[in-house]
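Keep in mind that the numbers below use all heavy atoms, side chains included, and drop hydrogens, waters and symmetry copies. Chain letters run A, B, ... following the sequence lines, proteins first, then strands; residues in each count from 1.
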Amino acid sequence: MTPFIIPVQEPFDFQQCLIFLKRSKQEVMHVTTDESVRKLFYLGNRFVLVELKWDPEGIEVLLFEQDVSEEERIVIEREVRDWLDLDRDLQPFEQLAQQDDVLRPIFESYRGLRLIGFPDLFEALTWAIIGQQITLSFAYTLKRRFVEQYGESQTIEGVTYWTFPRPEVIATLEPEALRPLQFSYRKAEYICDIAREIVEGTLSKMALRQLPTEDIRKHLLQLRGVGEWTADYVLMKCFQEPSAFPVADAGLHQALMYHLGLSRKPTQEEVKRYGAQWEGWGGYATFYLWRSLYGNV
DNA sequence: GGCCAGGCTAGCA
DNA sequence: TGCTAGCATGGC
C-alpha cells in the first residue's frame, strides 16, 4: 500500500518525539531507528506493522501489509494521532511556557515534543500500576516480561514486534500467574481485576471518554490499584487531558527541585502552588519536566 | 546497608 | 479523617 501523510500543526518536531520513544532500551512496544519508529497494531482480526517517518508535508505512514482497506487506514491514522497527540494545538502551551522561568528553557530545548501516550486503556492502566513505587528501569523489565509472556508478536524482516497483552487473555489468569515475572501479588491482583472489568464491559474507554474529565477521574479512582497519581497519569497518557497533573509524582518533584535550584524535594503543596500557573496544561508541563530528566538519550 | 523509585491499600486510631 | 506498615526489587 502506498504511504500516506498525516499533516501536523506547529509546533511539532518528529525528532523530539523519536528521542522520547527511544528513552528506554528495554521498550518492547515499538522499535526505533535514527529516523523512524515501527509499531505493530492489532486491528481486531489482524496485525498491521506501521512505520512512521518525517516528511516535509507531515508524518509519513507506511503500512507493511497488502490490501489495507480504507476503514483500516482510518483506524490506523486515528491511533497514530492519539498516540502522538497530533490533534492538540500546542500554541497556548508555548505561550504559557514563555512566561514561566522553569518551563521556558525546557520548552525551547524540546520544542515540538508531543505528550506521547497509550491510546489503549488497558495498556495505560497496566503500565501505570506496574510503575508504582519502583524504578523506571525495573518497571520496563516487568513490562517486557509481561508483554513477552502474554502479548502477541509478528516477526518481520528478522525483527520481532509485539502488541500489548489483551485484557481477554489476562482476565483468565489468577494473580499467582504473574508472580514468576516478579510482579508483587497486589499489582498482579489489580491488573487481573482491571482486565476482567474491561472484558465484562464495566470499564471502557469509549464510555468514559463521553464524560467530563472530573467524572472520568472519579471512575478511575474507584478501581483497586488506582489512586490520585495513577488516575492523573492515565488521564494524561490515555485520555490526553493536558490539565491532568500528577502532583505527587516523584519524577516531577525531582525535576522541580533541580530546575528551581532547591536543596530538597518540594512538598506536594509547593508543587501545587507552583503548578497553579500552568492551569490547563499541568500534564504537558509535567511531561516536559520528565523529558528534562533524562538528557538527550 | 539504607534509601528512594513515575504509589496504593488495608487496618488502625 | 488521618496516619502507617507492608508490598517487591533494582540501583545508587
Task: Nucleotide nearest A/F138 when distance is taken to its side chain, options B/dA5, C/dC7, C/dT9 - done: C/dT9
- [ ] Return the value, rounded to whole Å, for the distance between atom CZ of A/R224 and atom P of C/dC7.
- [x] 15 Å
Open item on the list: Mind checking if A/T230 touches a base, just sugar-phosphate, or nothing, with heavy atoms under 4.0 Å?
Closed with: sugar-phosphate
- [ ] Find the distance A/I134:CD1 to B/dA5:C1' and express it as a whole number of Å.
- [x] 8 Å
- [ ] Specify the separation, in whole Å, of atom CD of A/Q268 and atom P of C/dC3.
- [x] 12 Å
Task: Test of ring centre spacing under 6.0 Å for A/F47 and A/F41 - done: no
Task: Counter-base of C/dC7, judged by Watson-Crick or G-U geometry with both distances under 3.5 Å - done: B/dG7
TODO: Grab the CG-C1' distance between A/D249 and B/dC8 for me, whole Å please.
DONE: 15 Å
TODO: Classify the nucleic acid contact of A/L223 as base, sugar-phosphate or nothing, counting any heavy atom under 4.0 Å across all strands shown.
DONE: sugar-phosphate
Open item on the list: Please determine whether a side-chain nitrogen or oxygen atom of A/R186 lies at a distance below 4.0 Å from atom OP1 or OP2 of B/dA10.
Closed with: no
TODO: Please measure how far the P atom in B/dG11 lies from the corresponding atom in C/dA8, and state the result in whole Å.
DONE: 15 Å
- [ ] List the steps and the verdict of salt bridge (Lys or Arg N to Asp or Glu O under 4.0 Å) for A/R104 and A/E108.
- [x] CA-CA 6 Å; A/R104 191 184 313 110; A/E108 278 169 19; 5.5 Å; no
- [ ] Would you mind telling me which residue lines up with the more 5' stretch of DNA chain B, A/Y190 or A/L136, judged by nearest nucleotide?
- [x] A/L136
Open item on the list: Without decimals, in angstroms, what is the distance between A/Q254 CD and C/dC12 P?
Closed with: 13 Å
Open item on the list: Regarding A/Q133, tell me which of base, sugar-phosphate or nothing describes its non-hydrogen contacts under 4.0 Å with the strands shown.
Closed with: base
Open item on the list: At less than 4.0 Å, is any side-chain N or O atom of A/Q182 found next to OP1 or OP2 of C/dG10? Yes or no.
Closed with: yes
- [ ] Check whether more than 12 heavy atoms from other residues, nucleotides or ligands sit under 6.0 Å from atom CD of A/E57, and answer yes or no.
- [x] no
Open item on the list: Can you confirm whether the side chains of A/R111 and A/Q16 place a donor and an acceptor under 3.5 Å from each other?
Closed with: no
Task: Separation of atom OH in A/Y294 from atom C1' in C/dG11, rounded to whole Å - done: 20 Å
Task: A/D85-A/Y284 side chain donor-acceptor pair, cut-off 3.5 Å - done: yes
Open item on the list: Tell me the interatomic distance from A/E189, atom CD, to C/dC7, atom P, rounded to whole angstroms.
Closed with: 13 Å
TODO: Remember a base hit wins even if backbone is also touched, and classify A/T135 as base, sugar-phosphate or nothing at under 4.0 Å, heavy atoms.
DONE: base
- [ ] Provide, to the nearest angstrom, the distance between the CH2 atom belonging to A/W229 and the P atom belonging to B/dT9.
- [x] 13 Å
- [ ] When you get a sec, tell me which of B/dA5, B/dG7, C/dG11 is the closest nucleotide to the side chain of A/Q132?
- [x] B/dG7
